[in-house]
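Everything on this sheet refers to the single structure shown next.
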Number of protein chains: 2
Amino acid sequence: MSHHQRLLDSLRQAGHRLTPQREMILAIIGESQTHLTAKAILQRVRARYPHINKSAIYRTLDLLTRLGLVNPTDLGHGQIEYEIRQRPFHHHLICHNCGKITRVDESLFASLDRKLRDEYGFAADLCHFAIFGLCAKCQARTTPTRTRRTK
Amino acid sequence: MSHHQRLLDSLRQAGHRLTPQREMILAIIGESQTHLTAKAILQRVRARYPHINKSAIYRTLDLLTRLGLVNPTDLGHGQIEYEIRQRPFHHHLICHNCGKITRVDESLFASLDRKLRDEYGFAADLCHFAIFGLCAKCQARTTPTRTRRTK
DNA sequence: ATCCTTATTGCGACTAGTTGCAACAACAGA
DNA sequence: TCTGTTGTTGCAACTAGTCGCAATAAGGAT
Ligand SMILES: [Mn+2]
Ligand SMILES: [Mn+2]
Ligand SMILES: [Zn+2]
Ligand SMILES: [Zn+2]
């Protein structure tokens, strides 16, 4: 069964209607190998279905998020970006200074997940985090010798 | 030295000007014991200084964030909320289902911090996370006995 | 194939947040 | 205290995202 078909079925099985708008949005997110903004999705759908409105995009993305099919994430680009939710999960390390984004595996969060369950009984959604900080290079640069101020 | 004074000094020492607008915004965030939205801050500043514009609020909050003095966080209420950054850090567990917010200590992230440094040389800003998921009560409710569908 | 219920849509008006620009005012220097 | 530089402000116009509502159409039932 195709990836796209799996998404359509999830929608129907949750009791939602399958509209051409939703089908196209799902096709675009399902095919994409990268994070997509709502604007990018709108533009791509419009290419084949000019009538579509941005509300349908946002409402569909919201629905898919509630169903656990996509992850909305703020990667610091000024708009939310969407990505299909797929195992194995992954996260992103984002450098405040140079903007470099590194993809990391979900296993990093295993111990945090365990602690949250054990100590708080909390079942956390640890499926797509954006973690900001300084990459190795920028740490070296912004703390050169610690003797002289950078201006 | 007062809490408020410490914030003012940080601004000046970083080479920024101390305007009455900034002073009032800092006073309000510094005194607040809770997360505040930009709107709430604007309203409180306006009470004493009616002329102030929302741009000054957003720009000041942005500056304070860049200087590491406040944390902006999306707690799922539809607006960003701001809070003074203070040690010890803390994070929040937020239940998708009932909205309950639990405060947790920064120590939870110690092992993640270590792993990111060791494996990626990444110095993460782990000072104020919002972690969504299901609280203990809501897990019990939404997965009752696993034998019968909920509707 | 037709009908009916109601979920979903497009639309327009709204809120949250950002940005370019000209006027203003902090503050360093004299 | 006065002056000049330039960082900061208010403003207005903009982008991102949300919401209420009337029109539409999905899909279950007959
Ligand atoms: Mn991703
Ligand atoms: Mn907090
Ligand atoms: Zn970097
Ligand atoms: Zn709950």
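In what follows, every chain begins at residue 1, and chains take the letters A, B, ... in the order their sequences are listed. Computed from heavy atoms alone, side chains included, the values below leave out hydrogens, waters and symmetry copies.
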(message) Rounded to the nearest 0.5 Å, what separates atom CD in A:Q21 from atom CZ in A:R59?
(response) 11.0 Å
Between atom [atom1] in [X] and atom [atom2] in [N], what is the gap in whole Å?
X	N	atom1	atom2	answer
A:L67	C:dT8	CG	P	10 Å
A:H51	D:dA25	NE2	C1'	12 Å
B:R46	D:dG10	CZ	C1'	11 Å
A:L61	D:dA16	CG	C1'	13 Å
B:L42	C:dT18	CG	P	14 Å
B:I57	C:dT19	CD1	P	17 Å
A:R66	D:dT18	CZ	P	11 Å
A:D9	D:dG27	CG	P	12 Å

(message) Any side-chain to backbone donor/acceptor pair from B:R6 onto B:S10? Under 3.5 Å, distance only.
(response) no
(request) Look only at the side chain of B:Q139 and the backbone of B:L134, and say whether a donor-acceptor pair between them is shorter than 3.5 Å. (result)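 Yes; judged by distance alone, with no hydrogens or angles, the pair exists.
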(message) Taking salt bridge (Lys or Arg N to Asp or Glu O under 4.0 Å) as the definition, give me every residue that meets it alongside A:D113, ordered by chain and number, with sequence neighbours left out.
(response)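 With neighbours one apart ignored, the set is A:R117.
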(message) Side chain of B:I52, heavy atoms from C-beta onward: which of C:dA16, D:dG10, C:dG10 has the nearest atom to it?
(response) D:dG10
(request) Counting heavy atoms from C-beta on, name the nucleotide in C:dA16, D:dA16, C:dC11 closest to the side chain of A:R59. (result) C:dC11
(request) Say whether A:T73 and A:N71, considering side chains only, have a donor N or O and an acceptor N or O under 3.5 Å apart. (result) no
(message) Both conditions, 6.0 Å and 45 degrees, for the charged tip of B:R87 above the ring of B:F89: are they met here?
(response) yes
(message) With each end axis built from five pairs of C1' atoms, what bend angle do you get for the helix from C:dA1-D:dT30 to C:dA30-D:dT1? Round to 10°.
(response) 30°
(message) Centroid separation under 6.0 Å, is that true for the rings of A:F109 and A:H91?
(response)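 Distance test on ring centres: under 6.0 Å, yes.
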(message) Expected output is a numbered-order residue list: members of residues 14-40 of chain A with a heavy atom under 4.0 Å from any atom of DNA chain D. What is it?
(response)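 Nucleic-acid contacts, sorted: A:R17, A:L18, A:P20.
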(message) So that I can tick it off, tell me whether A:R66 and A:D62 are bridged by a salt bridge, with the cut-off set at under 4.0 angstrom between side-chain N and carboxylate O.
(response) yes
(request) Establish, with yes or no, whether the OP1 or OP2 oxygen of C:dA28 is under 4.0 angstrom from a side-chain nitrogen or oxygen of B:R12. (result) yes
(request) Apply side chain to side chain donor-acceptor pair (under 3.5 Å) to B:H128 and B:H90, showing your working. (result) CA-CA 6 Å; B:H128 198 250; B:H90 67 272; 3.3 Å; yes
(request) Measure distances between side-chain N and O atoms of A:K54 and base N and O atoms of D:dG17, and say whether any donor-acceptor pair falls under 3.5 Å. (result) yes
(message) Assuming nearest nucleotide by heavy-atom distance, tell me which of A:T60 and B:Y58 is located more 5' along DNA chain C.
(response) A:T60
